[in-house]
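As the structure lists them, so they are numbered: ligands from 1, and atoms in each ligand from 1.
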Amino acid sequence: MKQTECVTIDGPVASGKTTIGKELAKRIKYHFLDTGIMYRAVTYLALKKQINPNNEDLLMQSIKNLNFIFIPNSTEYEINLDNKTITQHLKNPEIEKHVSTIATNSLVRSELVKIQREIAFSNHIVMVGRDIGTIVIPNAKNKFFLLASSQTRAQRRYKDFKKQGINLSLELVKSEIENRDKIDTQRKESPLEPAHDSIQINSDDMNIDEVIELMLNNIEKNK
Ligand code: DC
């Protein structure tokens, strides 16, 4: 299969995929798509409309109401519902609690993967998620898998919540991260796992710039 110029970054909750992916995309002048926000948007609608997570018809209908739009003069995409962006509502703890369950649904996954592939087909893109290197763009030229301990990840997520004015204990944040890891890695459909040809990076003792440098060196080598 011909390789595409995409960069994939997969990894568990709060492993730094979004921060690093966004910065990498800016440096190499690619688009950036965080696929987690797509699963979060479906969860947002399911909660708002009180859709039972087992009601696949209603979940599929709700995906049809969402629009994934590139923001002009940026590297990023936003999600619109009824012509209004909902991106800013997608990182709250209520969505965090339910999103992994919604993401186990195979119909939801295949619909979102279809949209992700369409975007990857027409753009040079850094795409981040759980199954991008394994399922969504298996022929991507550069694949990375980010790792960090659950303690490091909990501390990062705890600080993010605090910045948003949300006060949760570090223990609670850590146990929810571990719970989501379990669901993401053990689900039947596209479980979280490194692609066989991905480069695994443990960022416990690395800062953002060091991780990006390592990625840029690999991308350069692969040219
Ligand atoms: O990266 P995130 O925390 O925003 O992802 C939210 C959830 O969506 C995560 O628990 C698993 C799911 N997800 C997925 O299954 N596949 C993806 N490509 C991206 C996210």
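Under 4.0 Å from any atom of ligand 1, one finds heavy atoms of residues Lys17, Thr35, Gly36, Tyr39, Arg40, Val99, Ser100, Ala103, Arg109, Gly129, Arg130, Asp131, Ile132, Arg180, Asp184, Arg187.
Scanning for salt bridge (charged side-chain N to carboxylate O under 4.0 Å, His left out) contacts around Glu111 gives Lys64, Lys114, with sequence neighbours left out. With sequence neighbours left out, the salt bridge (charged side-chain N to carboxylate O under 4.0 Å, His left out) criterion links Lys188 to no other residue. With sequence neighbours excluded, the residues satisfying side chain to side chain donor-acceptor pair (under 3.5 Å) with Glu178 are Ser150.
Side-chain rings of Phe70 and Tyr77 approach one another, their centers coming within less than 6.0 Å.
At a cut-off of 3.5 Å, with distance as the only test, no side-chain donor of Thr185 or Arg180 sits close to an acceptor on the other residue.
Under a 4.0 Å N-O distance rule, the pair Arg130/Glu193 does not qualify as a salt bridge.
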